[in-house]
> 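One structure follows; several queries about it will come next.
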Amino acid sequence: MNFNIVLLGPPGCGKGTQAKMLTAKYQIPQISTGDILREAVKNKTPMGIKAKAFMDSGKLVTDDVVVGIIQDRLKEPDCESGFILDGFPRTVVQAEALDRTLEEAGKKIEHAISIEVDDAELMGRLTGRRTCRSCGAMYHVMFNAPQKEGICDACGGELYQRDDDQEATIRNRLEVYQQQTAPVIGYYRKKNILRPIKGTGGIEDILKSIEDVLQRKE
Ligand code: ADP
Ligand code: ADP
Ligand code: ZN
């Protein structure tokens, strides 16, 4: 099946967690601008050096940088039969640039899945988030704990806490989300491709609601 999907929602709503499961299921790549930027920061590339200060303070990296990342990535052959955008677009300017880029390739976004979780729950999810350094699998110290503390169930890699998952930075990110990213939901609603999903409850149940939306004939 061919799906061009955007996953929307506030930091901590479960975009990465769901994207990884959808990737496995539908054999289409997860494209996370956050992951690509963190890799650039780690490798100290010119882009990473520029992005670091924005990311550390919880602000958005500039639109031109992330739009460039996505334009390059979507040209890769593995995007031919679909892709899952995770954490992009985060501004209306990015959403418009994405539409133009896809249009040039004769493609479009088919589903903008908006995962809805209250602010009150997001803080706890983000402070407890742990990520595998080797394979990128996502855990939570309470809600989705690994079998062995600090060790990835999937690959045995080391789990780490992201620098920006500290309370003060999380607060900034949630505010940035309300101001700059929430309008993207309206953008897709107007295009009639917004699919709201309740983001609380079991991870597998949420995956099931997303799959139901993807299978539904419009
Ligand atoms: P989360 O999964 O918690 O929402 P991400 O990994 O998506 O966080 O993003 C981490 C940081 O990377 C953001 O706070 C922001 O600084 C930067 N970033 C990621 N994607 C974008 C984007 N599309 N536009 C601007 N900045 C971005
Ligand atoms: P995002 O990519 O949207 O920032 P993540 O997928 O990284 O969100 O999830 C944030 C944290 O919440 C992770 O620690 C993850 O294990 C946890 N999490 C994801 N889905 C759920 C859920 N349905 N219930 C409880 N915790 C969850
Ligand atoms: Zn791992």
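Given the structure is predicted, the values throughout are model-derived calculations rather than measurements. Atoms within each ligand, like the ligands themselves, are counted from 1 in listed order. The figures that follow rest on heavy atoms only: side chains count, while hydrogens, waters and symmetry mates do not.
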> Which atoms of ligand 2 have any heavy atom of Tyr139 under 4.0 Å away?
13 (C), 14 (O), 16 (O)

> Out of all atoms in ligand 2, which are within 4.0 Å of some heavy atom of Phe143? Include the element for each.
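Once the distances to Phe143 are compared, the set is 25 (C), 26 (N).
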
> Using a threshold of 4.0 angstrom between heavy atoms of the protein and any atom of ligand 1, which residues qualify?
Pro11, Lys15, Thr33, Gly34, Leu37, Arg38, Met55, Lys59, Leu60, Val61, Val66, Gly87, Phe88, Arg90, Gln94, Arg129, Arg162, Asp164, Arg173

> Quick one: do Asp99 and Lys191 make a salt bridge, cutoff under 4.0 Å?
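Salt bridge flag = yes for Lys191 with Asp99.
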
> Under a 4.0 Å threshold between the charged nitrogen and the carboxylate oxygen, would Arg173 count as salt-bridged to Asp165?
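A salt bridge is present here (some side-chain N lies under 4.0 Å from a carboxylate O).
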
> What protein N/O/S atoms are found closer than 2.8 Å to the Zn ion (ligand 3)?
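Metal shell, protein only: Cys132 SG, Cys135 SG, Cys152 SG, Cys155 SG.
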
> Tell me the contacting part of Ile206 for ligand 2: side chain, backbone, both, or neither, using a 4.0 Å heavy-atom threshold, strictly below.
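Answer for Ile206: side chain.
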
> Between Arg100 and Glu104, does any side-chain N to carboxylate O distance fall below 4.0 Å?
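Looking at Arg100 and Glu104, the cut-off is not met.
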
> State which residues pass ring-ring contact (aromatic ring centres under 6.0 Å, His included) with Phe54; sequence neighbours excluded, sorted by chain then number.
none

> Check whether NZ of the Lys or CZ of the Arg Arg133 lies under 6.0 Å from the centre of the six-membered ring of Tyr160 and within 45 degrees of that ring's axis.
yes

> Taking 4.0 angstrom as the limit, do Arg38 and Asp35 come out as a salt bridge?
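Yes, charged N to carboxylate O under 4.0 Å.
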
> Can we say Arg73 and Glu76 salt-bridge, meaning some charged N sits less than 4.0 Å from an Asp/Glu carboxylate O?
no

> Under 3.5 Å, is there a donor-acceptor pair between the Thr62 and Asp64 side chains?
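Side chains of Thr62 and Asp64: pair found under 3.5 Å.
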
> Is Arg216 paired with Asp212 through a side-chain N to carboxylate O contact shorter than 4.0 Å?
no

> Tell me whether Glu175 is salt-bridged to Arg171, with the criterion being a basic N under 4.0 Å from an acidic carboxylate O.
no

> Holding to salt bridge (charged side-chain N to carboxylate O under 4.0 Å, His left out), I want the full list of residues that pass it with Glu116, two or more places apart in sequence or in another chain.
none

> Where do Gln147 and Asp153 come nearest, in terms of heavy atoms and distance?
N-OD1, 2.8 Å

> Could you list the atoms of ligand 2 found under 4.0 angstrom from a heavy atom of Gly201?
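Reading through ligand 2 atom by atom, the close ones are 22 (C), 23 (N), 24 (N).
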
> Mark up the atoms of ligand 2 that fall under 4.0 Å of a heavy atom belonging to His140, in ascending order.
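Answer, ordered by atom number: 14 (O), 16 (O).
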
